[in-house]
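These numbers come from the heavy atoms of this one structure, side chains and all, not from hydrogens, waters or symmetry mates. Note on naming: letters A, B, ... go to the chains in the order of the sequence lines (proteins, then strands), and numbering restarts at 1 for each one.
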2 protein chains.
Amino acid sequence: MDQELRTLVDRLKALSHPLRLRVLALLGSGELCVCQVAETLQVAQSSVSEALRDLRQAGFVQERKEGRWVFVSLLRGKAASRLQKAVLAEAAGLTIVQADRSRADTVQQLPLPIPCPKGAPRTAKRGAHRA
Amino acid sequence: MDQELRTLVDRLKALSHPLRLRVLALLGSGELCVCQVAETLQVAQSSVSEALRDLRQAGFVQERKEGRWVFVSLLRGKAASRLQKAVLAEAAGLTIVQADRSRADTVQQLPLPIPCPKGAPRTAKRGAHRA
DNA sequence: GCTTCATTTCGGGATATTCCGAATTGAGGA
DNA sequence: TCCTCAATTCGGAATATCCCGAAATGAAGC
């Protein structure tokens, strides 16, 4: 079908989702690593990873690797589209987004190896790796 | 819960769809009635009706009834959101949108009782109601 | 080499969306 | 009133999306 239209629709679709929109808005206040985002928003890391993949494909975020961690941040300045700016401006006013950012401040104080299986019973032994 | 977020997501979702986006962009060049939109875009009237319902609920379009017809148009000026303006600006550049607008010009020349069952092999012309 | 662990990818059941034709609604004309 | 017909709503099958836990990946350290 029409590739231009598809592309614009896909970019909009990336934003039309509660988790992805919260992730985008959260990154509006600065760079975080994947596990910090997961901890801040209290969702499974795989969900955050998928949300970030979609946002990256849509051209809204970029990644930077540092050691084991992947830090993600918004594209800024000229690289940021009109669309991104408009949506960020809308999202920044939402109560939940402000709460998320506040929570991120707390999470960022923690030393980086965050207990990643966030609330889970860590006592359960992990199975063998290479099945 | 998080009604604000839901609302913003729903507005974005209304835009994240090929047909709805084309309808919105089409109305960017002026008011049309439902059947003119269906004829222009070559889709079932019920699909256009549903697309317009979604766009209306999301606060992007308004309707005006005249006789049997329902004319739809964009909200303009202060009533138009940042979001709408940003997306319209993006969409206006798309080839398919420009083609749709061009086709709408032709459709608008036709006398208004447009042969609504679009696929039907209808060659007869009808009496004029309004230019 | 081996182990650890943040991250990604996979599998898939549950849920939501999309689109059309058919049926219904409602305003206008005769 | 009855008929017409633009528009809307309905039914539902096909398709897409969402979200998680499990498994795989790959970099860092031992």
Quiz item: Using a cut-off of 4.0 Å between protein heavy atoms and nucleotide atoms, how would you tag nucleotides 13-22 of chain D 5' to 3' with B, S and -?
Solution: ----SSBBB-

Quiz item: Can A:L15 and A:R11 be said to form a side-chain contact (heavy atoms from CB on, under 4.5 Å), step by step?
Solution: CA-CA 7 Å; A:L15 302 171; A:R11 291 208 299 142; over 6 Å; no

Exercise. Under the side-chain contact (heavy atoms from CB on, under 4.5 Å) rule, what do B:E4 and A:I96 come out as? Steps first, then yes or no, please.
Key: CA-CA 8 Å; B:E4 290 178 330; A:I96 192 173; 5.5 Å; no

Practice problem: Could you walk me through whether A:D10 and A:R6 pass the salt bridge (Lys or Arg N to Asp or Glu O under 4.0 Å) test, one step at a time? | Solution: CA-CA 6 Å; A:D10 287 344; A:R6 241 326 0 127; 3.4 Å; yes

Exercise. For side-chain contact (heavy atoms from CB on, under 4.5 Å), just list the numbers for B:E39 and B:Q36, CA-CA rounded to whole Å, side-chain angles, deciding distance to a tenth of an Å, and then say yes or no.
Key: CA-CA 5 Å; B:E39 174 64 21; B:Q36 289 174 324; 5.7 Å; no

What pairs of donor and acceptor atoms, side-chain ones from residues 19-31 of chain A against any protein atom, are under 3.5 angstrom apart with sequence neighbours left out?
unit_1 : atom_1 : unit_2 : atom_2 : d
A:R20  : NE     : A:A14  : O      : 2.8
A:R20  : NH1    : A:D54  : OD2    : 3.3
A:R20  : NH2    : A:K13  : O      : 3.0
A:R22  : NE     : A:D100 : OD2    : 2.8
A:R22  : NH2    : A:D100 : OD1    : 2.9
A:R22  : NH2    : A:D100 : OD2    : 3.4
A:S29  : OG     : A:L26  : O      : 3.1
A:E31  : OE1    : A:R64  : NH2    : 2.7
A:E31  : OE2    : A:R64  : NE     : 2.9
A:E31  : OE2    : A:R64  : NH2    : 3.3

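B:Q45 places its CD atom 9 Å from the C1' atom of D:dC5, with the value rounded to the nearest Å. Protein atom CH2 of A:W69 is 11 Å distant from nucleotide atom C1' of C:dT4, rounded to whole Å. Atom pair B:R53:CZ and C:dT18:P shows a separation of 11 Å (rounding to whole Å applied). Taking atom CG on B:L15 and atom P on C:dT18, their separation rounds to 12 Å, with Å as the unit. Between A:E66 atom CD and C:dT7 atom C1' the separation is 15 Å, expressed in whole Å. Rounded to whole Å, the distance from CD on A:E39 to C1' on C:dA6 is 14 Å. The distance between atom CG of A:L32 and atom P of C:dT7, rounded to the nearest whole Å, is 11 Å. Nucleotide C:dT17 holds its P atom 15 Å from the CG atom of B:L55, rounded to whole Å.
The shortest heavy-atom contact between B:Q45 and B:V34 is CG-CG1, 4.3 Å. Closest approach of A:S81 and A:F60 over heavy atoms only: OG-CE2, 3.9 Å.
Donor-acceptor pairing under 3.5 Å is recorded for the side chains of B:Q3 and B:T7.
Comparing A:K65 and B:S49 by the nucleotide of DNA chain D whose heavy atom lies nearest to each, the residue mapping closer to the 5' end is B:S49.
Hydrophobic clustering (side-chain heavy atoms under 4.5 Å, transitive across Ile, Leu, Val, Met, Phe, Trp, Tyr) keeps A:L75 apart from A:V61.
When the local axes at the two ends of the helix from C:dG1-D:dC30 to C:dA30-D:dT1 are compared, using 5 base pairs at each end, they differ in direction by 20° after rounding to 10°.
Judged by atom type and distance alone, A:R68 reaches the base of C:dT4 through a side-chain donor-acceptor pair under 3.5 Å.
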